[in-house]
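Structure first, commentary second.
We name chains A, B, ... by the order of the sequence lines, and we start the count at 1 in each one. Quick caveat: nothing in here was measured; it's all calculated off a predicted structure.
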2 protein chains.
Amino acid sequence: MDSKIVNLRSKLEVYKAVSGGGNFSNCPVREVIQGVSGKWSSLLMMALAEQPYRFGELRRLVPDISQRMLTQTLYDLQRDGYVHREVFPTKPPSVEYSLTDLGHSMFGALHQLILWAELNHDAVRGARADFDAAQG
Amino acid sequence: MDSKIVNLRSKLEVYKAVSGGGNFSNCPVREVIQGVSGKWSSLLMMALAEQPYRFGELRRLVPDISQRMLTQTLYDLQRDGYVHREVFPTKPPSVEYSLTDLGHSMFGALHQLILWAELNHDAVRGARADFDAAQG
DNA sequence: TAGTGCTGGTCTCTTTTTGAGACCACCACT
DNA sequence: AGTGGTGGTCTCAAAAAGAGACCAGCACTA
């Protein structure tokens with residue numbers, strides 16, 4: 001067990017103590033994590049970390065997102081301060097989305113998870129296949 | 001812009017090249033991230049990184065999860081190889097959930113995001129409040 | 001001996017979230 | 001005059017999640 005995990009263990013104790021009931025219901029980390037935990041949030045963060053994109057470009061970049069969810073996810077990311085939305089007065093008007101400083105900062109952490117996923121996605125797929133084979 | 005982000009930029013170029021259509025639809029990272037992106041997944045990973053827990057303990061630890069979603073999320077985490085499920089022949093039988101090696105490894109990466117959330121949740125809340133105040 | 005509680009779930013029903021696709025105004029270009 | 005691209009919104013259907021009843025089996029208690 002490495003030091004990070006030991007460190008977290010003590011953090012968890014703190015949460016449980018603070019929340020009073022010995023549970024996670026008031027954990028302030030939850031709302032932040034849930035903001036990133038949407039189906040499309042991390043994917044859009046990945047795209048915008050690369051460079052700013054316009055609405056239509058994002059739609060083409062992530063073809064299986066519905067226009068409705070693209071609108072809504074970008075709105076939520078903007079609301080949480082990760083994404084900046086700028087309208088340019090072209091004809092027709094174009095809208096550019098980019099990461100804020102807070103967004104770049106958050107992406108630095110999210111990036112670790114993405115790197116892990118890159119390295120281990122075959123292990124996860126393997127586990128999934130084994131499990132399905134064993135359980136039916 | 002730090003080196004991590006520059007590094008990722010090149011990674012993204014690779015994905016777009018590989019997928020053929022210049023988009024994210026085949027990105028292998030997506031399925032891994034989505035496995036962690038469930039509403040309850042990261043919370044249960046946090047709990048189990050602390051120590052193994054039994055079903056009822058987890059339910060008490062996360063009081064606002066329904067029994068149905070607790071069952072299902074644990075099942076999914078087990079299927080992806082992050083969680084080990086062990087039944088003890090007590091009366092009545094008890095079931096213990098713990099992280100596998102893969103689960104601990106993944107949590108190491110998720111941990112970065114959790115630490116970020118700890119440090120920045122007030123900034124996110126502030127952004128949210130500002131946005132709501134401005135937009136109505 | 002009957003009642004109560006705890007175990008880890010499943011089943012059904014309702015509510016919320018998401019997806020699919022039509023529709024919109026505006027303007028440029030052909 | 002028709003077509004296409006802009007960034008959306010609106011409606012309706014499908015999928016996912018939440019709420020809560022129910023279950024068998026055994027221990028403990030009254």
Side-chain angles (χ1 to χ4, degrees), chain A residues 22-25 30-31 33-45 47-48 51-80 83-98 131 135-136, chain B residues 22-25 30-31 33-45 47-48 51-80 83-98 131 135-136:
Chain A
N23 60 49
F24 281 98
S25 45
R30 278 187 59 171
E31 54 181 326
I33 297 291
Q34 298 220 350
V36 192
S37 291
K39 183 173 180 182
W40 305 106
S41 311
S42 49
L43 205 56
L44 293 179
M45 289 294 298
L48 294 176
Q51 62 177 255
Y53 279 111
R54 287 173 46 193
F55 187 87
E57 292 176 321
L58 288 170
R59 189 159 46 91
R60 283 186 289 275
L61 207 57
V62 187
D64 54 343
I65 194 175
S66 65
Q67 215 160 349
R68 188 182 161 283
M69 285 313 291
L70 182 54
T71 301
Q72 185 175 315
T73 306
L74 287 170
Y75 182 91
D76 292 344
L77 291 175
Q78 188 193 354
R79 193 173 97 102
D80 283 3
V83 161
H84 172 69
R85 177 180 186 270
E86 189 160 7
V87 182
F88 293 98
T90 56
K91 314 255 166 124
S94 57
V95 181
E96 188 184 82
Y97 293 91
S98 55
F131 186 84
Q135 299 284 334
Chain B
N23 60 50
F24 281 99
S25 44
R30 278 186 60 170
E31 56 181 324
I33 297 292
Q34 298 222 349
V36 192
S37 292
K39 181 171 180 182
W40 304 107
S41 312
S42 49
L43 204 57
L44 293 179
M45 289 293 299
L48 294 175
Q51 63 177 255
Y53 279 111
R54 287 171 48 192
F55 187 88
E57 291 176 319
L58 287 171
R59 189 158 48 92
R60 284 185 289 275
L61 207 55
V62 186
D64 55 344
I65 193 174
S66 64
Q67 216 159 348
R68 187 182 162 281
M69 285 313 292
L70 181 55
T71 302
Q72 183 175 314
T73 306
L74 287 170
Y75 182 91
D76 291 344
L77 290 175
Q78 188 193 354
R79 193 173 96 102
D80 283 2
V83 160
H84 172 69
R85 177 180 187 271
E86 188 159 8
V87 182
F88 293 99
T90 56
K91 315 258 167 137
S94 56
V95 181
E96 188 184 84
Y97 292 91
S98 56
F131 186 86
Q135 298 285 333

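Closest contact between the side chain of A:Lys91 and the listed nucleotides C:dC27, C:dT10, D:dC26 involves C:dC27.
Whole-Å rounding puts the B:Met69 CE to C:dT12 C1' distance at 16 Å. Rounded to whole angstrom, the span from the CG atom of B:Leu70 across to the C1' atom of C:dG8 amounts to 10 Å. In this structure, A:Leu58 atom CG and D:dT6 atom C1' are separated by 14 Å, rounded to whole Å. A straight line from OH of A:Tyr75 to C1' of D:dG7 spans 16 Å, rounded to a whole angstrom. Nucleotide C:dC26 holds its P atom 23 Å from the CZ atom of A:Phe88, rounded to whole Å. Distance, B:Tyr53 OH to C:dG8 C1': 18 Å, rounded to whole Å. Per the geometry, CZ belonging to A:Arg85 stands 10 Å off P belonging to D:dG7, to the nearest Å. To the nearest angstrom, C1' of C:dC6 lies 13 Å from CD of B:Glu57.
Residues B:Arg54 and B:Glu96 approach most closely at CG-CA, 4.2 Å, considering heavy atoms.
Between B:Arg59 and A:Gln72, the residue whose closest nucleotide on DNA chain C is further toward the 5' end is B:Arg59. Mapped onto DNA chain D by nearest heavy atom, A:Gln67 and A:Pro92 fall at different nucleotides, with A:Pro92 at the one closer to the 5' end. Of the residues near DNA chain C, A:Lys39 and B:Phe55, the one whose nearest nucleotide (by heavy atom distance) lies more toward the 5' end is B:Phe55.
Checking the phosphate oxygens (OP1, OP2) of C:dG8, a side-chain nitrogen or oxygen of B:Arg54 falls inside 4.0 Å. Taking side-chain N and O atoms only, B:Trp40 has no distance below 4.0 Å to OP1 or OP2 of D:dA16. Here A:Arg68 does not reach the OP1 or OP2 of D:dA13: none of its side-chain N or O atoms lies under 4.0 Å away. At least one side-chain nitrogen or oxygen of B:Tyr97 sits closer than 4.0 Å to the OP1 or OP2 atom of C:dG9.
By the 4.5 Å heavy-atom criterion applied to side chains, A:Glu31 and A:Gln34 are not counted as neighbours. A heavy-atom distance below 4.5 Å is not found between the side chains of A:Leu74 and A:Arg85.
Taking CG of A:Leu43 as the start and CG of A:Asp64 as the end, the distance is 8.0 Å to the nearest 0.5 Å.
Using cut-offs of 30° and 60° for the angle between ring planes, the A:Phe55 and A:Tyr97 rings count as tilted.
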